[in-house]
Amino acid sequence: MHLPPQITPLQHAGHSALQLTTRHGTAIVALHGAHLLSWTPTGQRDVLWLSPEALPEPAAIRGGVPVCWPWFAKQGMPLDALQHGPARVNPWQVSAIHASSDDEISLSLVPCAQATGDASSSLAELAPGLQVSLRITLGETLSQTLHTRNLGSETFQLTQALHSYFAVSHAAQVGIEGLIDLPYLDKLRGMAADVQQVPFALELACDRIYHAAQKSGDSFPGRYTLTDPAWQRSIVIETEGSQSVVVWNPGREGARSIADVPNDGWQDFFCIEAANAEPDGVMLAPGAEHWLGQTLSVI
Ligand SMILES: O=P(O)(O)OC[C@H]1O[C@@H](O)[C@H](O)[C@@H](O)[C@@H]1O
């Protein structure tokens with residue numbers, strides 16, 4: 001496909017990628033997993049963290065924004081299922097480009113196996129009848145929309161996440177606004193159910209699925225703010241079609257057991273994930289479609 005001047009192919013951290021450029025900044029997207037590796041607003045530091053110890057492809061990339069699809073973690077799947085689904089470990093390709101002006105550019109990607117109709121691919125086997133695309137728009141903000149369509153004959157229970165790793169000054173010194181009163185399941189306490197009643201702060205480690213985040217009939221998108229006083233910036237995450245928000249940081253002990261996170265790397269990121277995770281799975285009937293979106297901005 002012919003690329004306009006705002007899109008440049010390049011290698012980034014060992015991945016074949018496309019760099020999007022507007023006067024508002026740059027974004028870099030790896031074709032492996034349609035994985036957003038970097039978003040740097042003009043004059044600012046990168047909004048996303050990318051592990052300096054990331055494993056080579058075809059391993060999932062650690063950092064940036066992995067696309068977890070069509071299941072989150074191993075929800076609803078056997079124990080030997082691929083963690084977070086096959087989308088993040090498959091090659092994707094550009095399906096459309098929309099360059100409206102110098103101010104904004106959009107790129108849509110689909111898995112290569114879907115584009116070529118390869119019925120033997122892991123995606124075709126594991127997500128029968130499902131079609132997926134990811135649109136990334138770089139302007140003053142950065143947005144991503146994950147679109148799923150069920151062309152099969154069976155209802156599919158979709159769980160998914162845009163698993164953003166935000167770069168922070170120190171994970172123990174940031175706050176997250178927008179979680180008060182939300183119920184959550186705490187993975188670190190055997191999925192114990194709880195409700196966020198005090199302002200969020202990291203205690204050693206965190207792995208929670210906040211759910212029922214958008215009440216039915218509520219037309220406002222979810223809005224979460226990662227406040228980082230030391231870096232004097234806040235990252236605002238506005239979500240659409242997302243009933244859950246996953247908040248994850250492995251902490252000191254957890255990081256030691258993750259091969260591609262440096263021992264002290266847990267300090268450098270916080271994951272806030274626009275999601276539909278159990279108990280918020282999406283029942284996608286034959287012919288139905290769903291959009292999961294997030295818009296990121298820095299204030
Ligand atoms: O190591 P992975 O597969 O990228 O997953 C990282 C984390 O992703 C989070 O979304 C999960 O809630 C955690 O339980 C998990 O550890």
Side-chain angles (χ1 to χ4, degrees), residues 13 15 30 32-37 48-90 122 126 144 146 158-166 171 176 179 182-194 196 200 202-211 213 222 224 226 237 239 242-263 265-281 292 294:
H15 305 286
H32 182 59
H35 198 122
L36 184 63
L37 301 175
L48 301 172
W49 178 81
L50 186 61
S51 175
E53 294 180 3
L55 301 170
E57 295 175 12
I61 301 171
R62 176 73 60 193
V65 185
V67 175
C68 305
W69 183 95
W71 59 85
F72 174 79
K74 297 189 182 194
Q75 291 187 338
M77 304 304 296
L79 279 178
D80 61 353
L82 210 51
Q83 160 87 348
H84 287 326
R88 66 175 181 166
V89 292
N90 265 266
S122 61
L126 298 169
Q144 291 170 290
L146 187 65
L158 176 70
T159 55
Q160 56 185 344
L162 295 167
H163 188 317
S164 310
Y165 288 72
F166 295 110
I176 305 175
L179 300 176
L182 288 187
Y184 65 87
L185 300 176
D186 192 339
K187 280 201 199 174
L188 301 182
R189 290 191 287 136
M191 295 304 243
D194 213 333
Q196 185 74 38
F200 180 90
L202 181 67
E203 292 166 21
L204 301 178
C206 177
D207 195 353
R208 296 179 183 172
I209 300 173
Y210 290 86
H211 56 96
Y224 313 97
L226 177 63
I237 305 124
T239 66
S242 163
Q243 287 289 343
S244 328
V245 56
V246 179
V247 176
W248 178 66
N249 182 291
R252 186 185 302 276
E253 290 310 313
R256 286 180 195 279
S257 63
I258 305 176
D260 50 359
V261 173
N263 282 353
W266 66 276
Q267 300 174 357
D268 300 334
F269 69 86
F270 226 109
C271 288
I272 301 177
E273 311 168 32
N276 290 297
E278 290 303 337
D280 292 324
L292 167 68
Q294 68 174 6

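Ligands are counted one by one from 1 in listed order, and the atoms in each one are counted from 1 as well.
Closest non-hydrogen pair, V67 versus A34, comes out as CG2-O, 4.0 Å. When all heavy atoms of A13 and L50 are compared, the pair lying nearest together is CB-CD2, 3.8 Å.
Each side chain to side chain donor-acceptor pair (under 3.5 Å) pair with one or both residues in residues 75-90, not counting sequence neighbours, appears once here: N90-S122. The side chain to side chain donor-acceptor pair (under 3.5 Å) pairs that include a residue from residues 57-72 are H15-E57, R62-Y165, R62-D260, W69-T148, where partners are two or more places apart or lie in different chains.
With sequence neighbours left out, the ring pair (Phe, Tyr, Trp, His ring centres under 6.0 Å) criterion links F200 to F270.
Around the CZ atom of R252, the shell of radius 6.0 Å holds no more than 12 heavy atoms that belong to other residues, nucleotides or ligands.
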Kindly print each ligand 1 N/O atom paired with any protein N/O atom under 3.5 angstrom away, one pair per line, or none if nothing qualifies.
{"from": "ligand 1", "atom 1": "1 (O)", "to": "R62", "atom 2": "NH1", "distance (Å)": "3.1"}
{"from": "ligand 1", "atom 1": "1 (O)", "to": "R62", "atom 2": "NH2", "distance (Å)": "3.0"}
{"from": "ligand 1", "atom 1": "3 (O)", "to": "Q83", "atom 2": "NE2", "distance (Å)": "3.1"}
{"from": "ligand 1", "atom 1": "3 (O)", "to": "R88", "atom 2": "NH2", "distance (Å)": "2.8"}
{"from": "ligand 1", "atom 1": "4 (O)", "to": "R62", "atom 2": "NH1", "distance (Å)": "3.1"}
{"from": "ligand 1", "atom 1": "4 (O)", "to": "R88", "atom 2": "NH1", "distance (Å)": "3.0"}
{"from": "ligand 1", "atom 1": "5 (O)", "to": "Q83", "atom 2": "NE2", "distance (Å)": "3.4"}
{"from": "ligand 1", "atom 1": "5 (O)", "to": "H84", "atom 2": "NE2", "distance (Å)": "3.4"}
{"from": "ligand 1", "atom 1": "8 (O)", "to": "H84", "atom 2": "NE2", "distance (Å)": "3.1"}
{"from": "ligand 1", "atom 1": "8 (O)", "to": "H163", "atom 2": "NE2", "distance (Å)": "2.8"}
{"from": "ligand 1", "atom 1": "10 (O)", "to": "H163", "atom 2": "NE2", "distance (Å)": "3.2"}
{"from": "ligand 1", "atom 1": "10 (O)", "to": "E273", "atom 2": "OE1", "distance (Å)": "3.0"}
{"from": "ligand 1", "atom 1": "10 (O)", "to": "E273", "atom 2": "OE2", "distance (Å)": "2.9"}
{"from": "ligand 1", "atom 1": "12 (O)", "to": "K187", "atom 2": "NZ", "distance (Å)": "3.1"}
{"from": "ligand 1", "atom 1": "12 (O)", "to": "D207", "atom 2": "OD1", "distance (Å)": "2.7"}
{"from": "ligand 1", "atom 1": "14 (O)", "to": "K187", "atom 2": "NZ", "distance (Å)": "3.2"}
{"from": "ligand 1", "atom 1": "14 (O)", "to": "D207", "atom 2": "OD2", "distance (Å)": "2.5"}

